[in-house]
Amino acid sequence: MASQKIGVFVCRCGGNISDYVDVEKVVESIKGVEGVKIARVNMFSCSDSAQEEMIGLIKREGLDGIVIASCSPKLHLNTFRQMAQRAGLNPYQYTQVNIREQCSWTHTHDRDGATQKATRLVRAGIEATRHSEPLHPIEVVTRPSVLVVGAGIGGLRAAIALGEMGLTVHLLEKADRPGGLVGTRKALFPTGADGTSEIDSLLQRIHTLQNISLYTNASLVKKEGSIGDFSVSIRVEPKDGQDRADTIQLNVGAILVTTGATPYVPKEGEYGYGAKGIVTLREFLDLLDSSRDSDGIYYEGKRVRRITYIYCVGSRQKEGHTYCSRFCCSSAIFASLEVHKRSPDVLQYHLYRDIRTYGSLEALYQRALDQGSLFIRFSPDSPPKVECGHNGGGIKVLVKDLLTSKRELEISSDLVVLVTGLVPRVEQQEVQDVLKLPVGIDGFFNEIHPKLRPVETVVAGVYIGGCAQGPKNAQESVESSLGAAAKAGSILLKGKVELEPFVAEVDEGLCDGCGQCVEACPYDAITMGQRSDGTPVAVVNTRLCKGEGACVPVCPKEALEIRGYGHEKIRSMIRGLLTE
Amino acid sequence: MKTRLQVDCLVVGGGISGMESAITLGDMGFDVLLVEKEASIGGKMILLSKVFPTLDCSSCISTPKMASTYNHPKVTSFTYSEVRSIKRGPNGAFEAKVIKRPTFVDPERCTGCGQCEKVCTVARPDQFNDGLIARRAIYIPFPQAVPKKAVVEKKGVSPCTRSCPAGISVHGMVALVRNGRFDRAYSRHLEDAPFVGSLGHLCPAYCEMKCTQGKKSKIPVGIKGIERALGYWHLKNGGDKTPSKSGEKRFGIVGVGPLALSLAYFLAQKGVRPLIFTQGKRLGGSLLDAVEKGLLPKEILEDDINTILAQGVEQKDSPENTPFDALLEQNGLEGLFIEDPVRAKESERERIFSSPLKLDEPHLLPHIIGVARKISGPIEKFLEKGEYSLPEDAFKGLEGEISIQEPQGHNEELLPEEAQGLASRCLDCAVCSQCHECMKACPANAIDFSMEPEEVSVTTKTIIIATGFSLFDPSKKPLLGYDRLPNVITAMQMDRLLAPTRPYNAVLRPSDGKVPGNIAIVLCAGSRDRTAGNTWCSRICCMYSIKQAQLIMGALPIANVTIYYIDIRAFGKGYEEFFQQAKAMGTNFVKGKVARIEPTANDDLYIYYEDMERKGGLRRQKHDLVVLAVGAMASPQLRKAFMGDDAPDVDEMAFFSQSKGLSEPGVTNIEGVFVAGSATGPRDIPDCVVHANACAAQVASYLKKTEKG
Ligand SMILES: Cc1cc2nc3c(=O)[nH]c(=O)nc-3n(C[C@H](O)[C@H](O)[C@H](O)COP(=O)(O)OP(=O)(O)OC[C@H]3O[C@@H](n4cnc5c(N)ncnc54)[C@H](O)[C@@H]3O)c2cc1C
Ligand code: SF4
Ligand code: SF4
Ligand code: SF4
Ligand code: SF4
């Protein structure tokens with residue numbers, strides 16, 4: 001009962017496709033293909049009006065399958081499936097062919113080639129639809145509970161939101177106390193809010209919510225299952241008096257990763273780091289925090305009169321940490337305002353590349369300028385040099401000032417602050433391994449799409465928030481963690497999710513129980529069971545199966561197929577591709 | 001019309017932030033109403049070309065959001081609507097009054113075909129192209145609009161039209177003539193009133209006295225000249241003599257003056273068969289005197305009268321003393337109108353009507369036509385139902401001495417082209433001119449000018465403000481020359497030039513359509529600048545400019561692009577890398593503050609800037625197109641809807657404040673009122689999406705908490 005009346009729509013994507021692919025020609029060349037009832041060009045297939053038009057056509061022409069040749073299915077597979085559904089079709093009788101990323105954008109200088117490739121891909125798509133069968137998603141009842149990994153400000157705040165939504169929350173913290181980076185700070189930019197008391201008040205709220213459990217000294221060791229219904233194991237390190245770690249099994253519907261980031265630690269000797277008088281931003285903030293009431297700035301008992309800040313240490317590098325750490329300009333400038341408040345006579349030099357006090361944070365920069373801080377711009381090609389004084393003498397910083405002249409300036413300083421950025425935590429690795437989460441070249445967890453799905457990961461049901469996704473300031477970490485909480489909440493409050501029906505199926509008549517598939521499956525979704533006569537046969541656990549298909553080619557009997565991607569379908573798709 | 005609606009959350013603003021919050025809350029199972037003031041949802045994002053840092057096509061990633069918002073089972077979307085007032089109700093919920101502005105297009109019928117736009121006579125700067133090109137008074141916002149339906153921008157009635165005693169759609173006539181459609185202008189005039197050419201000679205031109213252009217520049221639009229030109233045009237070209245619907249009922253009119261003729265005309269239009277009894281006189285009455293005096297050319301009057309007769313008006317010469325009863329009986333008439341009120345007194349009988357005043361003077365022509373129209377309605381009703389009642393105001397202002405200026409100006413012939421020149425000065429006061437071209441063109445019969453605003457009373461537990469930001473108006477920095485220099489454009493205009501739905505299908509400069517070869521982008525235009533009243537950084541402009549530089553270099557491979565900057569603020573995930581990529585592609589980055597922009601020959605431009613890096617000092621550089629990276633400003637208008645003290649706080653730049661500290665993003669000082677996205681301050685799309693979801697989490701927590709009580 002394959003599709004016989006197929007509608008094919010080839011998208012111009014404004015000009016994104018039609019500038020490089022002759023879409024009219026593609027339509028012409030597939031018009032006679034078996035099963036194709038109509039073939040058309042669309043301006044923007046995804047636009048509401050084009051969708052309405054296609055729905056009209058499907059109904060009027062009685063189409064029973066469609067192919068849309070447009071952008072990546074990552075973007076619009078769901079859009080068009082929903083459209084197919086609104087038109088009364090089974091959504092799985094729709095095939096999306098990607099002729100944008102795969103043709104127009106990859107072959108911008110070869111219109112003929114791009115057009116030919118597009119035609120072949122569309123042919124394969126038609127075959128896919130022709131051999132498709134109506135399928136139904138697997139419905140999973142979601143568990144109304146969430147695992148939040150990492151109890152920094154983001155994780156804490158997300159836990160509260162989820163708890164208030166009525167969900168059960170298990171909040172995991174690797175360290176022996178919650179609070180993360182914010183928990184140790186006395187004054188946070190831009191308002192000077194006290195991080196310690198901010199964390200305390202979040203903890204108080206957590207304690208009043210009965211449905212949140214907090215585990216410290218705990219780590220995630222295992223995860224099984226999929227969105228809506230995960231089982232996880234956490235290991236809680238022994239407390240005093242205990243000698244064995246506890247392992248706790250939990251069932252949750254979603255997982256939030258809010259494991260944060262950690263300050264960059266300069267290498268020994270990087271800008272003189274390691275020597276006396278040369279501190280990182282974090283160490284400098286600690287110094288300010290620990291001497292809140294003093295009116296001057298003291299370093300190792302000596303009054304500090306000149307401070308030089310060197311920005312972008314460990315950030316914006318040519319190699320390695322190439323990214324900007326986002327918070328450090330504002331943080332350093334905010335610290336310098338505090339210095340000025342305590343002792344206005346301290347001379348402060350800021351050696352920077354660009355000052356990135358974006359948005360309203362610019363007000364901090366303005367204030368620092370108004371108060372007489374000196375800003376000196378250096379080029380990454382000739383970074384400042386730090387020369388440590390011998391036997392107790394001051395530190396000399398040499399810098400080529402780009403703004404006034406390229407002459408080298410010599411700044412003698414009592415204290416040099418290396419404005420260090422943020423890097424991924426080492427502890428992140430175990431979460432990465434257990435959850436199989438991808439990271440970017442910067443080492444932070446990757447979202448699916450920075451605009452469409454900024455807190456979702458490729459592992460459905462696992463969300464990321466805060467600095468685990470990339471550097472942020474405290475408020476921004478809260479925002480993105482709450483964003484992740486919203487997305488988790490949106491599937492769990494609904495009570496059910498639909499999973500793709502693409503799972504492996506065993507043809508019991510063919511399976512001879514050799515067990516090769518069991519080895520091949522990376523998700524342990526296949527086990528050896530028994531037929532009624534006692535002979536062994538492979539059994540698929542559909543809850544664990546991801547439809548990845550590793551089992552299919554290893555089966556010597558062709559007894560395994562992924563539902564919706566049968567052998568016949570794949571073969572005719574290949575034939576479609578090869579047709580001239 | 002009034003309706004009621006009850007929801008969990010009212011989201012104001014349908015940009016990416018509003019849509020994102022609405023979808024997330026809808027997914028959670030809450031009922032959401034989204035109100036957008038424009039005719040489509042999508043906000044600024046749908047207008048952008050590609051977006052940093054991934055260079056996704058903005059249309060491609062916005063349209064699915066728009067479609068899922070609009071089709072979401074839990075989300076109701078009102079476009080072209082506004083929130084008029086928000087009050088706290090007795091049980092803590094809010095009572096909001098939402099007005100759905102009339103679109104004058106029936107959305108059920110409109111198919112979005114765009115035929116109406118092609119014929120519309122009024123052009124407006126297109127807000128969806130930042131004024132780069134024009135749209136029409138009736139318009140579909142943009143090709144990917146959701147919903148894709150036409151709307152008419154109509155602001156009341158233009159002063160000219162309102163002032164015309166003859167009830168002519170003056171603005172419509174002017175707009176049609178401006179577009180060179182004389183035939184349509186003539187017939188549009190006829191839809192309202194006869195005597196086109198005669199009015200163009202005799203009318204004292206009340207419209208010109210009220211014309212806004214006259215108030216602005218002392219010289220009104222030469223409307224009377226336009227009307228006169230139409231008369232001459234018709235004299236030469238003829239046309240439009242098709243009689244209107246021909247009916248059964250016959251009605252007699254005794255008299256030959258303009259009142260008699262106009263009444264006959266209007267009745268004929270209504271499907272009555274009028275019969276004029278000339279009683280030995282020539283048709284025209286006092287208008288013939290005007291011809292005698294040289295105020296009105298004979299041929300013009302004859303043409304006007306022929307036009308009236310062509311509508312199916314018959315005439316009969318009966319002896320002057322025939323009693324009215326006899327006229328009625330002998331001709332099988334259902335009624336009779338006597339033009340001269342003195343003569344009408346002879347007989348006070350049923351079925352015989354007249355005007356209470358004697359109205360027959362050439363310069364009263366527009367009033368006479370107006371009176372005729374007002375009488376024609378009741379007569380039609382009498383013929384149908386047997387009742388007759390004149391509206392009270394039928395003769396308002398006509399009793400006693402009417403102070404009318406004598407016809408002034410010139411009465412000579414005007415050529416169509418000259419009239420077109422006159423019409424081009426019209427300011428389109430009410431925007432839609434009521435030319436009715438769209439009604440004739442619409443294949444779906446969707447246009448309906450009788451539509452009224454609809455008021456919806458909404459009860460909602462929470463409100464999300466997602467009204468976004470506005471762009472800095474570069475004319476506030478005159479030294480940058482935006483108003484003076486055509487080739488100085490805004491970044492939004494540049495994004496439009498680069499977008500897939502771009503207006504010219506190429507990157508061109510406005511003054512001469514030349515492809516630019518040396519483009520400058522000036523950062524911080526209206527940001528970080530005390531003199532511009534905005535000391536903050538706008539946060540998005542560095543990045544969108546870097547994006548534009550890359551896109552320009554893709555579109556125009558040989559063009560040079562220079563970015564003048566103070567600091568490059570590439571702070572988000574992947575942004576620094578994106579900046580480095582632009583550098584590697586060859587974008588020039590010049591650290592320099594631009595002081596002013598001056599023109600050179602051939603519309604090129606000199607940028608004067610303070611060089612902060614290379615040689616220092618004030619330097620000058622030539623470019624052929626300059627893009628101002630205008631900053632993001634607050635758009636706090638919604639505050640007005642909140643009553644009194646209950647308005648949410650704004651910060652020193654007028655953005656909505658998140659008053660509850662660092663752990664409570666999206667929460668305002670008013671319980672139950674939240675704020676999402678760039679309404680809190682400038683933000684790019686990734687930051688808006690994240691923030692909008694955070695805001696949805698706040699709303700969900702709040703709703704669940706209050707549910708429990
Ligand atoms: C030239 C330019 C280029 C850009 N390029 C990029 C880019 O490449 N990448 C990127 O990430 N960002 C970019 N941005 C920024 C991006 O446009 C914004 O981040 C985003 O549009 C903000 O979305 P929003 O929904 O918060 O606000 P908006 O897009 O402003 O939406 C607000 C909506 O609310 C409606 N509204 C306002 N007031 C009311 C009211 N009283 N009642 C009802 N409705 C109301 C408006 O009509 C609008 O639809 C760019 C901006 C500009 C100006
Ligand atoms: S012509 Fe009619 S149907 Fe077509 S867009 Fe205009 S109003 Fe809608
Ligand atoms: S009546 Fe005329 S001016 Fe008004 S929208 Fe229609 S075509 Fe445009
Ligand atoms: S400017 Fe145009 S629309 Fe306005 S009053 Fe004058 S003629 Fe009428
Ligand atoms: S984002 Fe860049 S261009 Fe925009 S105001 Fe800030 S520094 Fe200036």
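Naming convention: chains lettered A, B, ... in sequence-line order (proteins, then strands); numbering from 1 in each chain.
- At a 4.5 Å heavy-atom cutoff, Ser201(A) makes no contact with chain B through either its backbone or its side chain.
- Residue contact with chain B, scored on non-hydrogen atoms closer than 4.5 Å, involves the backbone and the side chain of Thr322(A) alike.
- With a 4.5 Å cut-off on non-hydrogen atoms, Gln144(B) touches chain A through its backbone and its side chain both.
- Only the side chain of Thr501(B) comes within less than 4.5 Å of a heavy atom in chain A; its backbone stays farther off.
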CA sep, side-chain torsions, deciding dist, call: Arg569(B), Tyr575(B), side-chain contact (heavy atoms from CB on, under 4.5 Å): CA-CA 9 Å; Arg569(B) 296 193 161 158; Tyr575(B) 293 8; over 6 Å; no
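- Contact annotation for Ile153(A): only side-chain heavy atoms (C-beta onward) come within less than 4.5 Å of a heavy atom of chain B.
- By the 30° and 60° cut-offs, the orientation of the rings of His350(A) relative to Tyr311(A) is tilted.
- Using a 4.5 Å cut-off between heavy atoms, Leu202(A) contacts chain B through its side chain alone, with no backbone atom that close.
- In this structure, no portion of Met66(B) lies under 4.5 Å from any heavy atom of chain A.
- Only the side chain of Gln51(A) comes within contact range of chain B, with at least one heavy atom under 4.5 Å from a heavy atom of that chain.
- Of the atoms belonging to Pro143(B), it is backbone heavy atoms, and not side-chain ones, that fall under 4.5 Å from chain A.
- No donor-acceptor distance shorter than 3.5 angstrom exists from the side chain of Lys591(B) to the backbone of Glu613(B), with no hydrogens or angles considered.
- For Asp56(B), the part lying under 4.5 angstrom from a heavy atom of chain A is the side chain only.
- Contact annotation for Tyr565(B): only side-chain heavy atoms (C-beta onward) come within less than 4.5 Å of a heavy atom of chain A.
- Ranked by non-hydrogen atom pairs under 4.5 Å with chain A, the options Ala696(B), Ala692(B), Pro64(B), Pro500(B) are led by Pro64(B).
- Using a 4.5 Å cut-off between heavy atoms, Arg100(A) contacts chain B through its side chain alone, with no backbone atom that close.
- When heavy atoms are compared at a cutoff of 4.5 Å, Phe579(B) approaches chain A solely by way of its side chain, counted from C-beta outward.
- Glu20(B) touches chain A through its side chain: at least one heavy atom from C-beta onward sits under 4.5 Å away, while N, CA, C and O do not.
- Salt bridge absent: Lys704(B) and Glu164(A) never bring a charged side-chain N and a carboxylate O closer than 4.0 Å.
- Ionic pairing of Lys148(B) and Glu53(A) is not present here: no N-O contact between side-chain nitrogen and carboxylate oxygen is shorter than 4.0 angstrom.
- Taking Asp611(B), Ile540(B), Val689(B), Asn505(B) one by one and counting their heavy-atom pairs under 4.5 Å with chain A, the maximum is reached by Val689(B).
- Phe52(B) touches chain A through its backbone: at least one of N, CA, C or O sits under 4.5 Å from a heavy atom, while the side chain does not.
- With a 4.5 Å cut-off on non-hydrogen atoms, Asp442(A) touches chain B through its side chain but not through its backbone.
- Taking 4.0 Å as the cut-off between side-chain N and carboxylate O, Asp687(B) and Arg539(B) count as a salt-bridged pair.
- Thr108(A) places no side-chain N or O within donor-acceptor distance of the main-chain N or O of Trp105(A), the cut-off being under 3.5 Å.
- Side chains of Thr357(A) and Glu362(A): a donor-acceptor N/O pair is present below 3.5 angstrom, by distance only.
- Side chain to side chain, Ser480(A) and Lys472(A) fail the donor-acceptor criterion of an N or O pair below 3.5 Å.
- Defined by atom type and a distance below 3.5 Å, a donor-acceptor pair is present between the side-chain atoms of Glu447(A) and Gln469(A).
- Only the side chain of Arg86(A) comes within contact range of chain B, with heavy atoms under 4.5 Å apart.
- Ion pairing between Arg683(B) and Glu479(A) holds under the 4.0 Å rule for side-chain N and carboxylate O.
- Contacts of Phe327(A) with chain B are absent, with no heavy-atom separation under 4.5 Å from either backbone or side chain.
- Remark: side-chain polar atoms of His449(A) are paired, donor with acceptor, to backbone N or O of Leu452(A) under 3.5 angstrom.
- Looking at Asp19(A), only its side chain comes within 4.5 Å of chain B, counting heavy atoms on both sides.
- Only the side chain of Phe44(A) comes within contact range of chain B, with heavy atoms under 4.5 Å apart.
- With salt bridges taken as basic N to acidic carboxylate O contacts below 4.0 Å, none links Asp194(A) and Arg185(A).
- Only the side chain of Pro454(A) comes within contact range of chain B, with at least one heavy atom under 4.5 Å from a heavy atom of that chain.
- Side chain to side chain, Glu577(B) and Gln581(B) fail the donor-acceptor criterion of an N or O pair below 3.5 Å.
- Neither the backbone nor the side chain of Leu361(A) comes within less than 4.5 Å of any heavy atom in chain B.
- Considering only heavy atoms from C-beta on, Phe444(A) comes within 4.5 Å of Pro471(A) through its side chain.
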What's the verdict on side-chain contact (heavy atoms from CB on, under 4.5 Å) for Val32(B) and Ile23(B), showing C-alpha distance, side-chain angles and the deciding distance? CA-CA 9 Å; Val32(B) 181; Ile23(B) 293 175; over 6 Å; no
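- Both the backbone and the side chain of Ala161(A) come within less than 4.5 Å of a heavy atom of chain B.
- Contact annotation for Asp651(B): neither backbone nor side-chain heavy atoms come within less than 4.5 Å of a heavy atom of chain A.
- Residue Val51(B) touches chain A through both its backbone and its side chain, counting heavy-atom pairs closer than 4.5 Å.
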